[in-house]
Amino acid sequence: MAMLTASKSHVDYRTSVLSLGLAYYYQLGEPSFKEEKTSVPLSVKIASSPTGEVAMHPGLHHRATRDVIFNHWRERLVKYYQKYNPEKVGEVSMLLSKYRGHEQELLYALERKYGPEFVNNHGEAEDVFDVKSSTHGSLALSYDGKVYQWGVLFEEILTRPTLIWSGLFSGRTPRLKAIAISCGRKHAALITENGGTFTWGCGFDGCLGHGSIETHHSRPTRVKALIDNRAFAISCGGNHTVAATDSGDVFVWGNNRNGQLGIYPREDRLCVSLPLMLILKEHAIIFVSCGRQHTALVSEKGYLLTMGCGKYGRLGHGPSALKEDDWEQGVNKSVNFKPRVVKYGSVRRPLLAYQVACGDFHTIVLGINGDVYSFGKNENGQCGHGTKHNYVVPRLIEALSGFTVSAVEAGGDASMAVLTNGTVFAW
């Protein structure tokens, strides 16, 4: 377990975004970084956008084509030359043909000659309220409701934080500021201040909720099926999405092959392309989190419910997760098709939670008393117990005892806890 600290005298916690890990798809948000990965946090420069204009990107298609890539770079280089040397605009196509496959190196050379591609007109960074990351992409939500994206969600690679949502809608007066964001494996979602739900990215298995299992969107697009429901919490998983509304209802859509939507995966429900309300008679849900193939919910009374694939113990329901090869009628016994309350201890009492975070194959829970628990796959130490054994029931992370934890987060095979003083623990 490692500790990351930031002194407020050197770093403004509202405006500083740090990233670390792999850098294959520019998911670190810093294109000048040349290595494959970093274990030292890099500063992500998110320039404010005073005009409020959302960057235009080429549409997503079912398959990446050379034309899509060519047009993406042509548009960027045309804008670049219009800024620094308009006489060269006519040479863009020729340059791209000459440097095909090495477009980023070409842009680096031009930046060294003329200047940066992106310029911060205010001379200061955007105030950031929240960040979310996935396998290859990341999002940042600013205090004024703008959303920035970098990395790749489906086909388009954004090498730097790029404005994807500005609060504008249909060209009208600025409104609909974003208040919540989530980033799945290949798709993303945001919630606006009036409870509207928007999704974009790869739409396979219906994870965007637009009624199709094949249609993709490069820009945030409203989920029309939820237009009469005010969402306030949302989470994107491997290929599914879960949203909670202010009425306490939960809506689910996307891949359901492992029961991660909380309904039995009949043949007609292997993929749900439109939001479906999950019936939870005794629980009003206030927090949701999605892993690759499982989902966790927290009710207003603090009950933690999990559903989906339980392999490695990621649902926290005990030894049933060990029966991974014991099949009955083609169904893996470690799968839970209905939300089930997580219990722990010798007397099996409910684990009352304040917050939950799902990684690919493990789960981290912040209890109402401030303790942190974990369960699931632990091959890389992501459960934080100093071992490499999997855990099928919640276990207290003793290394965090005595600290006041305010939030927990989980990545693919990594976990983090944030203390009230701003200190971050990672493992």
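Remember, predicted model here, so these are calculated numbers, not experimental data. Numbering starts at 1 and runs along the sequence shown.
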Would you mind reporting whether [Y] and [X] have side-chain heavy atoms less than 4.5 Å apart?
X: H240; Y: C207; answer: no
X: R230; Y: D246; answer: yes
X: R219; Y: I164; answer: yes
X: V92; Y: Y80; answer: no
X: K377; Y: R314; answer: no
X: L419; Y: T404; answer: no
X: P275; Y: V223; answer: yes

Least distance between heavy atoms, [X] atom then [Y] atom:
X: Q355; Y: V408; answer: NE2-O, 2.7 Å
X: E156; Y: V152; answer: O-CG2, 3.4 Å
X: C290; Y: C358; answer: C-CB, 3.6 Å
X: W200; Y: S218; answer: CD1-O, 3.8 Å
X: L305; Y: P339; answer: CD2-CB, 3.9 Å
X: L18; Y: S43; answer: CD2-CA, 3.9 Å

Main-chain N/O of [Y] paired to [X] side chain as donor or acceptor, under 3.5 Å:
X: S142; Y: V128; result: no
X: E193; Y: A178; result: no
X: H283; Y: K281; result: no
X: S299; Y: A284; result: no
X: N256; Y: R269; result: yes
X: R292; Y: F361; result: no
X: S19; Y: L28; result: yes
X: S289; Y: A296; result: no
X: D371; Y: S401; result: no
X: N239; Y: G254; result: no

Looking only at the side chains, is there a donor atom on one of [X] and [Y] sitting less than 3.5 Å from an acceptor on the other?
X: R349; Y: Y344; result: yes
X: H294; Y: T306; result: no
X: S374; Y: H385; result: yes
X: W165; Y: Q149; result: no
X: T199; Y: H217; result: no
X: S273; Y: H210; result: no

Result for side chain to side chain contact (heavy atoms under 4.5 Å, CB included) between V288 and one of T241, T295, V252, L297 points to L297
Output field: ring centroids H187/F204 closer than 6.0 Å:
no
Once you round to the nearest 0.5 Å, how far does [atom1] of [X] lie from [atom2] of [Y]?
X: L315; Y: C309; atom1: CG; atom2: SG; value: 7.0 Å
X: I179; Y: D130; atom1: CD1; atom2: CG; value: 11.5 Å
X: I191; Y: S182; atom1: CD1; atom2: OG; value: 9.0 Å
X: D360; Y: Q293; atom1: CG; atom2: CD; value: 9.0 Å
X: I181; Y: Y148; atom1: CD1; atom2: OH; value: 12.0 Å
X: L190; Y: K177; atom1: CG; atom2: NZ; value: 14.5 Å

Stepwise side-chain contact (heavy atoms from CB on, under 4.5 Å) check, L208 with T215
CA-CA 9 Å; L208 299 185; T215 302; over 6 Å; no
Go through it in stages, so that I can follow the logic: the residues are W253 and L226, the test is side-chain contact (heavy atoms from CB on, under 4.5 Å), and I'd like the CA-CA distance, side-chain angles, deciding distance and then a yes or no.
CA-CA 12 Å; W253 61 93; L226 293 178; 3.8 Å; yes
Please indicate whether [X] has more than 12 foreign heavy atoms, meaning atoms of other residues, nucleotides or ligands, lying under 6.0 Å from its [atom1].
X: K132; atom1: NZ; answer: yes
X: Y391; atom1: OH; answer: yes
X: F232; atom1: CZ; answer: yes

In chain order, what residues pass the salt bridge (charged side-chain N to carboxylate O under 4.0 Å, His left out) check against D205, with sequence neighbours excluded?
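Checked D205 against salt bridge (charged side-chain N to carboxylate O under 4.0 Å, His left out); matches are R257.
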Can you sort out the partners of K301 under salt bridge (charged side-chain N to carboxylate O under 4.0 Å, His left out), two or more places apart, ordered by chain and number?
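Testing K301 for salt bridge (charged side-chain N to carboxylate O under 4.0 Å, His left out), a comparison that skips the adjacent residues, returns none.
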If you apply the rule side-chain contact (heavy atoms from CB on, under 4.5 Å), what do you find for F198 with T192, and how did you get there?
CA-CA 8 Å; F198 293 74; T192 61; 3.6 Å; yes
Determine, step by step, whether L352 and Y303 satisfy the side-chain contact (heavy atoms from CB on, under 4.5 Å) criterion, reporting the C-alpha distance in whole Å, the side-chain angles of both residues, the deciding distance to 0.1 Å, and the verdict.
CA-CA 5 Å; L352 298 182; Y303 289 109; 4.1 Å; yes
